[in-house]
Amino acid sequence: MDAEDQFLQSVFAGEKQFVIPVFQRNYSWGTDELDALWSDVQNLLKADSLSEEHFIGTFVVMPGNHRPGTVPEYLVIDGQQRLITLTLFLSAIRDYATEVNDERHNSFAEEINKKYLIDEFKDGVEKFKVISRAEDRDALFTIVEQESVDENLAETSIYQSYGFLYSKIEEVNGDDEIETLDRLKQIIIQQLPLVMITTSEDENPYAIFETLNERGLQLE
């Protein structure tokens, strides 16, 4: 078992995927959790120093199937709610920039998309950095791929969270839109430190999940 201090920027760097295993619950963050996250982000946005940080917790992952010619997988044992929410946050920042629709904002949006949301050189499921449970997948992939959302997907917790975050971006955006968007991006990828614990491949992921539950640790 290995533990390492990281930021989201390094978590998503390189060719890898984070897969939510079937024994995990569906995405379930609501207003309370989103308000708490937004409060932390807003405090960093107002801070005098760009070196200010807010610890967002521990993530536990396990190396998954990796065959030659495929993208390396990591099963997310703990941290799926936060990982999906941060993916939605980056998607909302990207989409807000896309709506402005000028060269500078489009370039900014493309950078977020290619560095933190998808692998432009892969196709199908392999191109996504985060793969949620099957029940949440349509909503998450639709948002990441900037596709139209139907009535059913609009009612999902994932889309509701995305809408919440997008509305918060609208509230804080000032006269210099790209500056505010860039600050938000920097906060998400560089000012929310986490501890990434990587277990060994021969451990049982479900057993680890159950152990964390039995010890009363909050799985998010």
Side-chain angles (χ1 to χ4, degrees), residues 1-29 56-91 94 110-147 153 156-159 161-162 188-190 192-213 217-220:
M1 186 174 291
D2 175 64
E4 184 179 2
D5 295 332
Q6 292 193 28
F7 293 93
L8 201 65
Q9 185 174 40
S10 58
V11 170
F12 282 161
E15 188 180 83
K16 65 173 80 80
Q17 288 183 312
F18 294 92
V19 180
I20 314 303
V22 295
F23 54 76
Q24 287 277 20
R25 61 177 175 165
N26 294 338
Y27 180 80
S28 61
W29 267 27
I56 58 166
T58 299
F59 291 65
V60 181
V61 299
M62 170 183 286
N65 294 328
H66 183 206
R67 302 179 305 278
T70 63
V71 177
E73 291 182 358
Y74 288 88
L75 301 179
V76 182
I77 310 303
D78 186 21
Q80 69 129 333
Q81 304 285 330
R82 286 164 287 160
L83 193 61
I84 291 175
T85 302
L86 294 173
T87 297
L88 296 175
F89 211 144
L90 287 169
S91 297
R94 174 204 61 188
E110 185 177 10
E111 178 193 1
I112 292 177
N113 203 47
K114 292 181 178 180
K115 282 187 176 181
Y116 309 114
L117 297 175
I118 66 167
D119 183 339
E120 63 178 318
F121 301 109
K122 297 296 181 181
D123 296 314
V125 174
E126 283 197 330
K127 69 182 174 183
F128 297 99
K129 294 284 186 179
V130 177
I131 301 178
S132 58
R133 283 189 46 153
E135 293 86 347
D136 295 323
R137 203 165 293 174
D138 285 348
L140 182 62
F141 286 2
T142 296
I143 290 169
V144 171
E145 292 203 282
Q146 296 177 287
E147 295 179 344
L153 294 184
T156 62
S157 295
I158 282 186
Y159 190 77
S161 294
Y162 165 84
I188 299 304
I189 66 171
Q190 293 183 332
L192 299 177
L194 57 96
V195 173
M196 182 67 74
I197 297 176
T198 305
T199 68
S200 63
E201 295 181 33
D202 57 357
E203 295 186 72
N204 184 324
Y206 182 72
I208 296 173
F209 176 83
E210 285 296 302
T211 299
L212 292 173
N213 265 331
L217 298 178
Q218 185 176 6
L219 295 174
E220 294 187 348

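We use all heavy atoms of the structure for the numbers below, so side chains are in, but hydrogens, waters and symmetry mates are not. All residue numbers refer to positions in the sequence shown, counting from 1. Predicted model only: the values in this text are computed from it and were never measured.
Taking 4.5 Å as the limit, some side-chain heavy atom of Val130 sits within range of a side-chain heavy atom of Ile84. Looking only at side-chain heavy atoms (C-beta outward), Thr87 and Phe12 come within less than 4.5 Å of each other. In this structure, the side chains of Asp119 and Glu15 come closer than 4.5 Å at one or more pairs of heavy atoms. Taking 4.5 Å as the limit, every side-chain heavy atom of Glu120 sits out of range of all side-chain heavy atoms of Glu110. Using a 4.5 Å heavy-atom threshold, the side chains of Asp5 and Pro193 count as separate. Between Thr199 and Ile77 there is no side-chain heavy-atom pair separated by less than 4.5 Å. A heavy-atom distance below 4.5 Å is not found between the side chains of Tyr159 and Asp138. Phe18 places a side-chain heavy atom less than 4.5 Å from the side chain of Val11.
In terms of modelled atom types and a separation under 3.5 Å, the side chain of Lys115 and the main chain of Gln9 share no donor-acceptor contact. Under a 3.5 Å cut-off, the side chain of Gln80 and the backbone N or O of Arg25 do form a donor-acceptor pair. Of the possible donor and acceptor atoms, none in the side chain of Arg133 sits under 3.5 Å from a partner among the backbone N and O of Tyr27. Within the 3.5 Å criterion, the main-chain N or O of Leu8 finds no donor-acceptor partner in the side chain of Gln190. Within the 3.5 Å criterion, the main-chain N or O of Val125 finds a donor-acceptor partner in the side chain of Gln17.
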Step-by-step side-chain contact (heavy atoms from CB on, under 4.5 Å) determination, Ile118 to Asn113: CA-CA 6 Å; Ile118 66 167; Asn113 203 47; 3.5 Å; yes
Intermediate values then yes/no, side-chain contact (heavy atoms from CB on, under 4.5 Å), Gln6 and Leu194: CA-CA 5 Å; Gln6 292 193 28; Leu194 57 96; 4.2 Å; yes
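From Ile188, atom CD1 reaches atom CG of Leu86 across 5.5 Å, with rounding to the nearest 0.5 Å. Interatomic distance, Lys129 NZ to Lys16 NZ, rounded to the nearest 0.5 Å: 6.5 Å. Note that CD of Glu135 and CD of Gln24 are 12.0 Å apart. Values are rounded to the nearest 0.5 Å. Expressed to the nearest 0.5 Å, how far CG of Leu192 lies from CD1 of Ile56 amounts to 5.0 Å. Atom-to-atom distance recorded for Leu153:CG and Thr142:OG1 is 5.0 Å, nearest 0.5 angstrom. Interatomic distance, CZ of Phe59 versus CD of Glu4, reported as 14.0 Å (0.5 Å rounding).
Smallest separation of non-hydrogen atoms from Ile20 and Ser132: CG1-CA, 3.6 Å. Across all non-hydrogen atoms, the minimal contact from Val76 to Pro21 is O-CD, 3.2 Å. Closest of all the heavy-atom pairs between Leu90 and Ile112 is O-CG2, 3.7 Å. Taking each heavy atom of Thr85 and Trp29 in turn, the nearest pair found is OG1-CE3, 3.3 Å. In this structure, Arg94 and Leu117 approach most closely via the heavy-atom pair NH1-CD1, 3.4 Å. Across Val71 and Glu126, no two heavy atoms sit closer than the pair N-OE2, 3.5 Å.
Aromatic ring orientation, Phe128 versus Phe141: parallel (interplanar angle below 30°, classes split at 30° and 60°).
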